[in-house]
Protein chains: 2
Amino acid sequence: MKQTPELISGDCSECPIRHRAVCSRCEPEELDELEQLKYYRTYKAGQTIAVRGDDLTTVSSVVTGTATLSRVMEDGRTQIVGLLLPSDFIGRPGRTHAQYDIQAISDVTLCCFRRAPFEQMVTRTPHVSERMLEMALDELDAARDWMLLLGRKTAREKVASFLLLIQKRSARPGGEELGEDLRLELPLTREVMATYLGLTIETVSRQLTALRKDGVIDVQGKKVIVIKDLIALMMESGDDDDGGILD
Amino acid sequence: MKQTPELISGDCSECPIRHRAVCSRCEPEELDELEQLKYYRTYKAGQTIAVRGDDLTTVSSVVTGTATLSRVMEDGRTQIVGLLLPSDFIGRPGRTHAQYDIQAISDVTLCCFRRAPFEQMVTRTPHVSERMLEMALDELDAARDWMLLLGRKTAREKVASFLLLIQKRSARPGGEELGEDLRLELPLTREVMATYLGLTIETVSRQLTALRKDGVIDVQGKKVIVIKDLIALMMESGDDDDGGILD
DNA sequence: GCGCCTGCTTGATCTGGGTCAAGGAGTGAA
DNA sequence: TTCACTCCTTGACCCAGATCAAGCAGGCGC
């Protein structure tokens with residue numbers, strides 16, 4: 001069973017460095033040390049946070065909002081290769097340049113640390129690097145699942161998988177009543193979806209229409225999708241049963 | 001600049017745990033401790049090492065040979081999501097089931113550790129988990145580059161990228177003379193290539209023929225490919241200039 | 001109200017790569 | 001030498017999804 005770090009009371013909503021990301025097992029003095037290092041930076045929706053090759057003077061962590069990681073080819077073809085959600089990190093030890101383009105797709109707050117002190121802190125507190133390892137491996141698994149999607153799934157399966165991904169992400173942890181969390185507020189335009197799925201915007205639109213006509217989902221305006229038949233959607237996604245972590 | 005762990009003399013070719021993977025900064029007694037934990041296991045080319053969902057009672061590391069990680073859909077569609085080369089790990093802390101199918105594509109030797117003592121050892125020696133983090137992040141970068149390939153590249157670009165990947169991997173580190181390392185001994189069948197590239201075997205074959213007709217490569221028998229024009233091949237791959245690590 | 005702009009949908013057509021099918025080429029056994 | 005087997009190549013055809021193009025709908029400023 002995967003270990004779920006506990007939140008640290010009174011401070012949780014403010015900065016993931018203090019809870020979700022690394023700190024479930026920190027001693028109070030370690031927390032204070034972290035506290036003194038950090039500062040915040042905010043970005044508006046649509047703003048570019050970094051482009052590939054940029055100098056990254058900080059290691060940071062998403063506090064609120066969503067950002068995308070993408071790779072762009074010279075002729076403009078673009079693939080989103082990851083979503084950055086609260087508690088995900090930007091920057092890694094020993095690498096001072098951005099490997100990807102990073103863009104805010106909603107308003108984003110980052111919690112930043114200057115590189116050198118952060119790295120020292122990581123070295124001094126072993127469970128921090130263990131926790132970062134765990135996070136990196138989770139991301140690696142997610143990336144590999146996405147490779148299956150990009151390489152082998154049909155457009156319809158891709159769109160269904162995407163909706164399920166968003167559904168899983170937006171389900172509030174803890175007591176989600178079955179048949180309740182099925183109204184998805186998409187924070188993404190069709191364009192972002194297409195760039196994430198390795199499709200064009202037209203194909204995404206067509207597949208959503210097809211799923212609507214088949215009674216699997218309902219599309220309300222541009223941003224809201226209601227899953228009318230979760231089971232059917234799961235069948236459409238091409239994933240086997242559990243779809244989740246095996247441990 | 002990325003840190004290159006030094007080899008430990010006299011013992012290097014035997015087990016990556018003792019050098020490349022984790023041990024460049026180990027103290028002698030830590031090495032001895034590792035030494036007592038490990039044992040070896042071998043697999044023939046083509047053999048299955050694990051399938052998704054299997055209990056993994058060990059954490060292991062590739063010593064020699066190459067294996068593939070793949071995800072399979074219920075109807076048989078398969079995507080290779082990673083290559084395991086010497087020093088890569090199988091299994092991760094805190095996860096006791098295989099997330100992927102693992103197959104030997106050449107004869108493979110693994111260096112194995114029982115889970116519990118390995119995890120304790122990782123906890124006790126902080127630079128081991130730092131090193132594992134570094135490796136995981138490298139794999140994550142590779143996976144994301146592959147996502148761009150799967151999502152956006154044409155068949156020709158995919159095949160060209162693949163040849164360059166093999167070329168880079170098989171170039172002996174240190175003094176490779178330019179224009180020398182261009183004879184590739186492919187350890188892979190067309191089928192494995194196709195499964196890795198998100199293509200069919202026929203398309204791979206056609207693209208290789210096309211690249212041959214255009215004078216970019218030469219195909220000698222089934223297993224040997226000679227790169228006649230590396231620059232042209234790099235242009236064909238769709239990657240920008242350096243293609244390498246930015247730091 | 002009106003125009004404008006951005007994001008979405010839908011239709012018509014095209015095409016890259018998949019599918020199906022028929023050989024070739026190397027290898028190894030008898 | 002022949003057969004059998006596996007892997008690879010090539011051709012003919014097809015189709016899912018890209019491309020090109022024409023609206024549509026909602027929001028926002030004036």
Side-chain angles (χ1 to χ4, degrees), chain A residues 44-47 73 75-79 103 105-106 149-163 184-214 217-225 236 238, chain B residues 44-46 73 75-79 103 105-106 149-163 184-214 217-226 236 238:
Chain A
K44 291 268 162 223
Q47 225 179 323
M73 294 173 67
D75 61 7
R77 279 175 285 170
T78 303
Q79 179 64 49
Q103 211 128 24
I105 56 173
S106 62
L149 178 143
L150 291 173
R152 298 294 171 188
K153 287 188 182 178
T154 65
R156 179 180 258 244
E157 289 168 338
K158 286 180 176 181
V159 170
S161 300
F162 177 83
L163 293 177
L184 306 180
E185 198 97 22
L186 294 184
L188 313 163
T189 64
R190 300 286 184 271
E191 166 138 38
V192 174
M193 278 194 243
T195 310
Y196 198 27
L197 293 171
L199 296 172
T200 59
I201 180 174
E202 294 95 329
T203 299
V204 170
S205 181
R206 276 187 251 271
Q207 297 305 327
L208 285 173
T209 303
L211 286 171
R212 177 170 55 72
K213 285 188 177 155
D214 294 347
I217 61 171
D218 203 8
V219 181
Q220 300 177 344
K222 289 179 183 177
K223 297 282 173 203
V224 175
I225 287 179
E236 298 282 0
Chain B
K44 292 268 162 226
M73 294 172 68
D75 60 6
R77 279 176 285 170
T78 303
Q79 178 65 50
Q103 209 129 24
I105 57 172
S106 62
L149 177 143
L150 291 172
R152 298 295 171 187
K153 286 188 182 178
T154 65
R156 179 179 257 244
E157 288 168 338
K158 286 181 177 181
V159 170
S161 299
F162 177 82
L163 294 177
L184 305 180
E185 199 97 21
L186 294 184
L188 314 163
T189 64
R190 300 285 184 272
E191 167 136 39
V192 174
M193 277 194 245
T195 311
Y196 198 28
L197 293 171
L199 296 172
T200 59
I201 180 172
E202 295 95 329
T203 300
V204 170
S205 182
R206 276 187 251 272
Q207 296 305 327
L208 286 173
T209 304
L211 286 170
R212 178 170 56 72
K213 285 189 177 154
D214 294 347
I217 62 171
D218 203 9
V219 181
Q220 299 176 345
K222 288 179 181 177
K223 297 280 171 204
V224 175
I225 286 179
V226 177
E236 297 284 0

Mind running side-chain contact (heavy atoms from CB on, under 4.5 Å) on B/Ile225 and B/Gln220 for me, showing each step along the way? CA-CA 6 Å; B/Ile225 286 179; B/Gln220 299 176 345; over 6 Å; no
Opening and closing nucleotides of DNA chain D in contact with chain A, under 4.0 Å to non-hydrogen atoms: D/dG17 to D/dC20
To the nearest 0.5 Å, what is the distance between CG (A/Leu208) and CG (A/Leu186)? 8.0 Å
Got A/Thr209 and A/Arg206 here, is their nearest side-chain heavy-atom distance under 4.5 Å? no
Taking the side chain as C-beta and beyond, is there a heavy-atom pair between A/Leu184 and A/Lys223 under 4.5 Å? no
Look at B/Glu157 together with A/Arg77 and state whether they make a salt bridge at an N to O cut-off of under 4.0 Å. yes
Taking only nitrogen or oxygen atoms into account, show me every contact under 3.5 Å that the protein makes with nucleotides 8-10 of chain C, one pair per line with its distance.
unit_1: C/dC8; atom_1: OP1; unit_2: A/Arg190; atom_2: N; d: 3.4
unit_1: C/dC8; atom_1: OP2; unit_2: A/Arg190; atom_2: N; d: 3.1
unit_1: C/dT9; atom_1: OP1; unit_2: A/Arg190; atom_2: NH2; d: 3.3
unit_1: C/dT9; atom_1: OP2; unit_2: A/Arg190; atom_2: NE; d: 2.8
unit_1: C/dT9; atom_1: OP2; unit_2: A/Ser205; atom_2: OG; d: 2.8
unit_1: C/dT9; atom_1: O5'; unit_2: A/Ser205; atom_2: OG; d: 3.1
unit_1: C/dT10; atom_1: OP2; unit_2: A/Thr209; atom_2: OG1; d: 2.6

Tell me the interatomic distance from B/Arg77, atom CZ, to C/dG18, atom C1', rounded to whole angstroms. 13 Å
Could you walk me through whether B/Asp214 and B/Arg156 pass the salt bridge (Lys or Arg N to Asp or Glu O under 4.0 Å) check? CA-CA 12 Å; B/Asp214 294 347; B/Arg156 179 179 257 244; 2.4 Å; yes
Can you name the one residue among A/Val204, A/Leu163, A/Thr203, A/Leu199 that meets side chain to side chain contact (heavy atoms under 4.5 Å, CB included) with A/Lys158? A/Leu199
Does A/Gln47, at its CD atom, have more than 12 non-hydrogen atoms belonging to other residues, nucleotides or ligands within less than 6.0 Å? yes
How long is the line joining CD of B/Gln207 and P of C/dG18, in whole Å? 9 Å
Under 4.0 Å from OP1 or OP2 of C/dG18: is there any side-chain N or O of B/Thr200 that close? yes
